[in-house]
Colleague: 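I'd like to ask some things about the structure below.
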Amino acid sequence: MAIINAKRVTVIGLCEDRPEVVKSLQSLGAVQIEANTFSDVDVVETTEGVTQTEQRLADIKFALTLLKPYDESKKPFLEAKPAIDQKGLEAFKELERKQMIAVDSLKELSEELNWARASISRAKNLILQVEPYRNFDDTFSALGTHIYTSATVGVMPIENKDALIQLMEENDGLASYEILEEMQDTFIVFVLTHNDITHEIKTTLKTLGFSEAKYEQFTDSPEGIIDAHVKEIAALSEKKAEIKMQIAAFVGQIPDMERLEDYYNAMLQRERAALSFGYTKNAFVLEGWTDEHSQEAVQKAVAEVSETAIVQFRDPIEGESYPTIIENPKLARPFEAITEMYDTPSAGGIDPNLLMAPFYFIVFGMMVSDAGYGLVLALACTFILWKTKPAGMFGKILGVVAFGGVSTLIWGALFGGWFGVSVENLPKALQFLTHLKWFNPMEEPLTMLALCLGIGTFQVLFGLGVAAGINIKRHKPFAALFDQVSWMLVIIGLLAMLPGGIIGKIGGYTALAGAGLVLLFAGREKKSIIGKLMGGLSALYGATGYLSDILSYSRIFGMGLATGVIALVFNTIAGMLFGKWFMIPFAVVILVVGHVFNIGINTLGAYVHSCRLQYIEYYGKFFEGGGKTFRPLRTDIKHYRFEK
Amino acid sequence: MIEVLGMELGKVLAMLGAALAVALAGTGSAIGVGAAGEAAAGLVSEDPDKFGSALVLQLLPGTQGIYGLLVGFMILMKIGLIGEVGEISTATGFYYFLGSLPIAIGGLTSAIAQGKTAVAGIGMLARRPEESGKAIVMAIMVETYAVFALLISMLIVMLVK
């Protein structure tokens, strides 16, 4: 339940044993590899191996991406990844030869496919360009300057048509034209000129916006060009389909490629780690961090594969930076996700997870606050967890929501809300649930508000208590007294004043005493008397901070109201429809979709708002962040679940 | 009893409140979700795998609209448009109107502000995908004031006799 001590581990062994030692440590997954610090070793392992593995991995990924659209096999919904151990993973090496050949073929096929696609789009473009000249029945190559005449064809803006006709009439006898095609803004025109005036006409045409068609490479008429390219496109399309069939033939090899991907991924992780080792001609030295409970396992893992390698452990040296290694009981482990999202605790501080989990649990349930929803959440998340066994952050978050579901069930039963229906309105068979009911927040909003603020006050006090405990443990009793206990006195004293009477009086004096402590001693670090006094005054102003911290817990009620009333909205709408028999299917759809939507949006809201209460109102009191996350070398693969 | 448009003034005021709560908070959410959606679409076009996280960020400014709907719905229930209730005095109607104001105004402004934070958060998601949680927490900081507005709106609406 805490941060466990980190141990510096050093392994020295013969180079020939290195691959097996690294494999064994990767399989154990308890050592974070650090850069070599020995100054007298300088032979650095080349990055060649890493580059090669990276290249192969990239090729496999390329092949898998290429094949994905062709894969029509249906993956079952919610399926756990199969388990695999080190031996099984190693066995995938035999797939290498066949699959890498397949990958090479796929790369070639992909290039051919790209070429076919590019050719088709080129041909289509050309057809589009030549299309307007369809009425020109000679070949483009026949155009140009001949002995007596010059011929040209091109496009002109439609507004210059009259100018062109006029120009041609002026030069009648030496020039002629034919309009081949008229389009919206432009028209296609063929112009034949006697060479005496060709130059002059061409210059004038240019000023009229004439742009000559430059397709003289074609010895065919536009009609012929279009026909030829239509045929080419047909042929290319056939070819494309054929290539696609050839690619699709590889679909059956996807599973093997995925296995090989995992194999290369694990290999790459080892090779990258080995880059930070120190080397001499015959020996290597590995340095890293492990936790104190894993020392024996590390020793054993190395001894299993090498008779000569030496393993040493030592404590971190003063001032040395080392990772924060957290260990919690299995049930509290999902809640690590909440802290992970915030910050890594400092290695010298405390692990807040176990101190936070109960509060998170309580607050989450109060926010969703519907027993029916709690039941759905708890069952659904537990089912998904059991069925798919997800690892990492996602698995942890599912765990948190599953716990939150249980809490929601409890609070929902206490508040008497089941799928937005009050417990009194449930069918007779379920009336026994009324015994679980405490009060309905909708009917007694002030009680609910008091409950929320009460929980807030308790958590704020608890956070101060944790901070005081840390200070005492660090032999700073005065800091604990003046910075935390003083405030606890103020808060408890003010609370005690509420009922009044003799207890209220005592409470008043307690609060005053606490405030006095803050005023006199909060500025004790300051040098001058005035500085001390000013420090105390400004610290006393911090009371507003505690007030807003506690009031912030009223959000629990707000979120709870949102869930309850949205459920009520859907129930009311569906209730109106239930009156007529033919509307019943619609009513059922509204109920199902509405409640699923409500569960979704409120779970998201409860998740993040509960997080916020922990981060700001609670961790603000005692959390020391800025630690480095412990990232041991392990087998991190995509398609299988690695089990040692 | 004062009558307006053939209806008790109290009811008219309450309905005005319900309308304001839904319309203003909904407007804010529409602006916020819209802005965040544009940013999310940009991100997803580059990296479709980030759709899930981007969607959560886009959704956050949408809650104000729901809160407005809740308050509007509660007011309608109280004045008997859904279900049977007796007369609503002018004073009671005016209280319902006042009750709608926190979520109407708070919802409108906080949803727009939250939308901006969500847009920035989606930008953060593009550059540092591992920090998506922090982007969500930042947007939730703004949400606080919408939740408070909802709370006070609901308390007024529920406690008015």
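For the numbers below, each heavy atom of this structure counts, side chains included, while hydrogens, waters and symmetry mates do not. The model shown is predicted, which means the values in this text are computed figures rather than measured ones. We name chains A, B, ... by the order of the sequence lines, and we start the count at 1 in each one.
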Colleague: Strictly less than 4.5 Å between heavy atoms, which residues of residues 59-71 of chain B line up against chain A? Please order them by number.
Modeller: Leu59(B), Leu60(B), Thr63(B), Ile66(B), Tyr67(B), Leu70(B)
Colleague: I'd like to know if Lys396(A) and Glu340(A) make a salt bridge, using a cut-off of under 4.0 Å between side-chain N and carboxylate O.
Modeller: yes
Colleague: Tell me, do Cys611(A) and Tyr360(A) make a side-chain contact under 4.5 Å, heavy atoms counted?
Modeller: yes
Colleague: Show your working on side-chain contact (heavy atoms from CB on, under 4.5 Å) between Met442(A) and Leu561(A) and close with a plain yes or no.
Modeller: CA-CA 8 Å; Met442(A) 301 269 223; Leu561(A) 273 177; 3.8 Å; yes
Colleague: Where does the angle between the aromatic ring planes of Phe419(A) and Tyr373(A) fall among parallel (under 30°), tilted (30 to 60°) and perpendicular (over 60°)?
Modeller: perpendicular
Colleague: Side chains of Pro129(B) and Ser53(B): closer than 4.5 Å at any heavy-atom pair?
Modeller: no
Colleague: Is it the backbone or the side chain of Ile601(A) that comes under 4.5 Å from a heavy atom of chain B, or both, or neither?
Modeller: side chain
Colleague: What part of Ile152(B) is in contact with chain A, defined as an atom under 4.5 angstrom from a non-hydrogen atom: side chain, backbone, both or neither?
Modeller: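 Nothing of Ile152(B), per the 4.5 Å heavy-atom cut-off to chain A.
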Colleague: Are the side chains of Cys452(A) and Met366(A) in touch, meaning some heavy atoms are under 4.5 Å apart?
Modeller: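 Of all side-chain heavy-atom pairs linking Met366(A) with Cys452(A), at least one is under 4.5 Å.
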Colleague: Does the side chain of Met367(A) come within less than 4.5 Å of Leu613(A)'s, by heavy atoms?
Modeller: yes
Colleague: Of the backbone (N, CA, C, O) and the side chain (C-beta and beyond), which part of Met141(B) lies under 4.5 Å from a heavy atom of chain A, both, or neither?
Modeller: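 Contact with chain A is through both the backbone and side chain of Met141(B).
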Colleague: Can you tell if the side chain of Leu57(B) reaches within under 4.5 Å of the side chain of Ile136(B), non-hydrogen atoms only?
Modeller: yes
Colleague: Side chain, backbone, both or neither: which part of Tyr615(A) has a heavy atom under 4.5 Å from chain B?
Modeller: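 The side chain, not the backbone.
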Colleague: Could you please spell out the steps behind the side-chain contact (heavy atoms from CB on, under 4.5 Å) verdict for Ile338(A) and Tyr607(A)?
Modeller: CA-CA 9 Å; Ile338(A) 313 285; Tyr607(A) 184 87; 3.8 Å; yes
Colleague: Less than 4.5 Å to any heavy atom of chain B: does that hold for the side chain of Arg555(A), its backbone, both, or neither?
Modeller: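 Both backbone and side chain.
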Colleague: Check whether any side-chain heavy atom of Lys61(A) lies under 4.5 Å from a side-chain heavy atom of Glu261(A), and answer yes or no.
Modeller: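 Yes; the side chains approach each other to less than 4.5 Å.
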Colleague: Excluding sequence neighbours, so at least two apart, what forms ring pair (Phe, Tyr, Trp, His ring centres under 6.0 Å) with Phe148(B)?
Modeller: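 Residues passing ring pair (Phe, Tyr, Trp, His ring centres under 6.0 Å) with Phe148(B): none at all.
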Colleague: Can you say whether Leu551(A) sits under 4.5 Å from chain B via the side chain, the backbone, both, or neither, judging by heavy atoms?
Modeller: backbone
Colleague: Decide yes or no for Met158(B) and Glu443(A): does some side-chain heavy atom of the first lie under 4.5 Å from some side-chain heavy atom of the second?
Modeller: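 Sidechains of Glu443(A) and Met158(B): no contact.
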Colleague: Only counting residues at least two apart or in another chain, list the ones meeting side-chain hydrogen bond (donor to acceptor under 3.5 Å, both in side chains) with Tyr553(A).
Modeller: Gln459(A)
Colleague: Pull out the residues in residues 93-109 of chain B that come under 4.5 Å of chain A, heavy atom to heavy atom, sorted by number.
Modeller: none
Colleague: Of all of Leu604(A), Ile616(A), Leu446(A), Ile566(A), which one pairs up most often with chain B through heavy atoms under 4.5 Å apart?
Modeller: Ile566(A)
Colleague: Using a cut-off of under 4.5 Å on heavy-atom pairs, state which of Leu150(B), Thr144(B), Val147(B) scores highest against chain A.
Modeller: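 Top count of heavy-atom pairs under 4.5 Å with chain A: Thr144(B).
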